**Q** 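Got a structure for you, written out below as structure tokens; questions coming shortly.
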2 protein chains.
Amino acid sequence: MTIAEVSRKYDISQDTLRYYERIGLIPRVRRNKSGIRDYSEEDCYWVYFSKCMRSAGLSIEALIEYVSLVQEGDGTMQERKKLLIEQRKLLKSRIEEMQATLDRLDGKIARYEERLLKVEQQCPVG
Amino acid sequence: MTIAEVSRKYDISQDTLRYYERIGLIPRVRRNKSGIRDYSEEDCYWVYFSKCMRSAGLSIEALIEYVSLVQEGDGTMQERKKLLIEQRKLLKSRIEEMQATLDRLDGKIARYEERLLKVEQQCPVG
DNA sequence: TTACCACCTAGAGTGTACTCCAAGTCAATA
DNA sequence: TATTGACTTGGAGTACACTCTAGGTGGTAA
């Protein structure tokens, strides 16, 4: 797969794909004889994984660390698992915090509903 | 309340508090005779509200808009409610997306658990 | 009355995460 | 064989959200 195809498929700009590879957020992609990136299925998986994790708010730093552990081989499995558990914990607490904010927002909206209803009752024609 | 107290109370730097006021993310705070900010209870509420909403990922742009509608008075209630509902929707879908990523992460962690268990069984001493 | 400290403002600087650019390569087409 | 277009690289530029700085004011304590 070319970079153009991957870019379209995952809606990530070519520049960002190259940038992610440059900083190690995804492993280095194989080039063909003329130096052009040829994304394998696994490369695509990495692109997708990084996209998900990044948009969920995982730090670039942690993801780079994870990629490099994977590349070091099976000896790092324990460490990788630990890293993922740590990130999972962070993500979970972010979600909980956001859920609490959502609830506040719901409360606020409900209060607007009430107040607007009152205004309506006072001026039934307006 | 002085800016130092508010800064401590909500764990937001004084610079950021001044910045938020400057860009209209919170309404202008009253100054005393010598020009020093004196945060009222309501100001503190705004600081807290902005902090919550910002850390949940609401855009600065939307929050500035909300603040300015509140300052325009009761005539904007309908519009404010609409804005909050819109932001609520965005927040909800972000939470759902993050929840999906959390689930993926759980699956990944579970697979590491399995693989590590297998390795252990193969080398029960190691 | 001078030293100090917390505060003020406007504007410049910074870090992160991209995003763009210049100069060049390669394969395919006119 | 000349042009086109998608790609390459390294490095420069940008946007956002702060964060810091310089120069100044006002109130308090030695």
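Keep in mind that what you see is a predicted model, and the values were worked out from it rather than measured. Naming: A, B, ... by sequence-line order, numbering from 1 per chain.
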**Q** For residues 3-23 of chain A, which residues have at least one heavy atom under 4.0 Å from DNA chain D?
**A**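 Within this stretch, A/Ile3, A/Ala4, A/Gln14, A/Arg18, A/Arg22 sit under 4.0 Å of the strand.
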**Q** Mind checking side chain to side chain donor-acceptor pair (under 3.5 Å) for B/Thr16 and listing every partner two or more places apart, or none if nothing turns up?
**A**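 B/Thr16 satisfies side chain to side chain donor-acceptor pair (under 3.5 Å) with B/Ser13 once adjacent residues are dropped.
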**Q** What distance do A/Met53 atom CE and B/Met98 atom CE have between them, rounded to the nearest 0.5 Å?
**A**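 Result: 11.5 Å between the selected atoms.
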**Q** Pair up each side-chain donor or acceptor in residues 66-74 of chain A with any protein partner under 3.5 Å, not counting sequence neighbours, and list the distances.
**A**
{"from": "A/Tyr66", "atom 1": "OH", "to": "B/Tyr112", "atom 2": "OH", "distance (Å)": "2.7"}
{"from": "A/Ser68", "atom 1": "OG", "to": "A/Glu65", "atom 2": "O", "distance (Å)": "3.2"}

**Q** Tell me every residue that passes side chain to side chain donor-acceptor pair (under 3.5 Å) with A/Ser55, counting only those two or more places apart in sequence or in another chain.
**A**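 Here the qualifying residues are B/Glu97.
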**Q** Just distance, no hydrogens or angles: give the donor-acceptor pairs under 3.5 Å from side chains in residues 81-90 of chain B, sequence neighbours left out.
**A**
{"from": "B/Lys81", "atom 1": "NZ", "to": "A/Glu113", "atom 2": "OE2", "distance (Å)": "2.8"}
{"from": "B/Arg88", "atom 1": "NH1", "to": "A/Asp106", "atom 2": "OD1", "distance (Å)": "2.3"}
{"from": "B/Arg88", "atom 1": "NH1", "to": "A/Asp106", "atom 2": "OD2", "distance (Å)": "2.6"}

**Q** Going 5' to 3' along DNA chain C, which are the first and last nucleotides with any atom under 4.0 Å from a heavy atom of chain A?
**A**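 Contact span on the strand: C/dA17 to C/dA27.
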**Q** Find the distance between CG (B/Leu102) and CD1 (B/Ile95) and round it off to the nearest 0.5 Å.
**A**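 Going from CG on B/Leu102 over to CD1 on B/Ile95, the span is 12.5 Å.
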**Q** Quick check: is A/Ile36 connected to A/Tyr39 through a chain of hydrophobic side chains (ILVMFWY, heavy atoms under 4.5 Å apart)?
**A**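 No; tracing contacts between hydrophobic side chains, which count when under 4.5 Å, never links both residues.
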**Q** Which heavy atom of A/Leu25 sits nearest to which heavy atom of A/Ile60, and what is that distance?
**A**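 Nearest pair, atom of A/Leu25 first, then A/Ile60: CD1-O, 4.0 Å.
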**Q** Would you check, one step at a time, whether the test side-chain contact (heavy atoms from CB on, under 4.5 Å) holds for A/Asp43 with A/Ile26?
**A** CA-CA 8 Å; A/Asp43 293 325; A/Ile26 57 173; over 6 Å; no
**Q** Heavy atoms within less than 4.0 Å of DNA chain C: which residues of residues 34-42 of chain A have one? Give them sorted by number.
**A**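 Under 4.0 Å from DNA chain C: A/Ser34.
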**Q** Does any donor atom in the side chain of B/Arg54 or B/Ser50 lie under 3.5 Å from an acceptor atom in the other side chain?
**A**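 No - no donor-acceptor pair under 3.5 Å links their side chains.
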**Q** Within a strict 4.5 Å, meaning less than it, do heavy atoms of the A/Leu105 and B/Lys92 side chains meet?
**A**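 SC-SC contact between A/Leu105 and B/Lys92 ruled out.
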**Q** Excluding sequence neighbours, so at least two apart, what forms side chain to side chain donor-acceptor pair (under 3.5 Å) with A/Ser34?
**A**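 With sequence neighbours excluded, A/Ser34 shows a side chain to side chain donor-acceptor pair (under 3.5 Å) to A/Asn32, given in chain and number order.
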**Q** With B/Lys108, which residues qualify under side chain to side chain donor-acceptor pair (under 3.5 Å), at least two apart?
**A**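 For B/Lys108, the residues satisfying side chain to side chain donor-acceptor pair (under 3.5 Å) (neighbours in sequence not counted) are A/Tyr45.
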**Q** For A/Thr101 and B/Cys52, work out which heavy atoms get closest and say how close.
**A**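 That would be OG1-O, 3.8 Å.
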**Q** Quick one: list whatever passes salt bridge (charged side-chain N to carboxylate O under 4.0 Å, His left out) with B/Lys51, sequence neighbours left out.
**A**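 In terms of salt bridge (charged side-chain N to carboxylate O under 4.0 Å, His left out), with neighbours along the sequence ignored, B/Lys51 is linked to no residue.
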**Q** Taking any atom closer than 4.0 angstrom to a non-hydrogen atom of chain A, what span of DNA chain D does the protein reach, first nucleotide to last?
**A**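 Boundary nucleotides touching chain A, in 5' to 3' order, are D/dC7 to D/dG11.
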**Q** Does anything in residues 53-69 of chain A reach DNA chain C, meaning a heavy atom under 4.0 Å, and if so which residues?
**A**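 Those residues are A/Arg54, A/Ile60.
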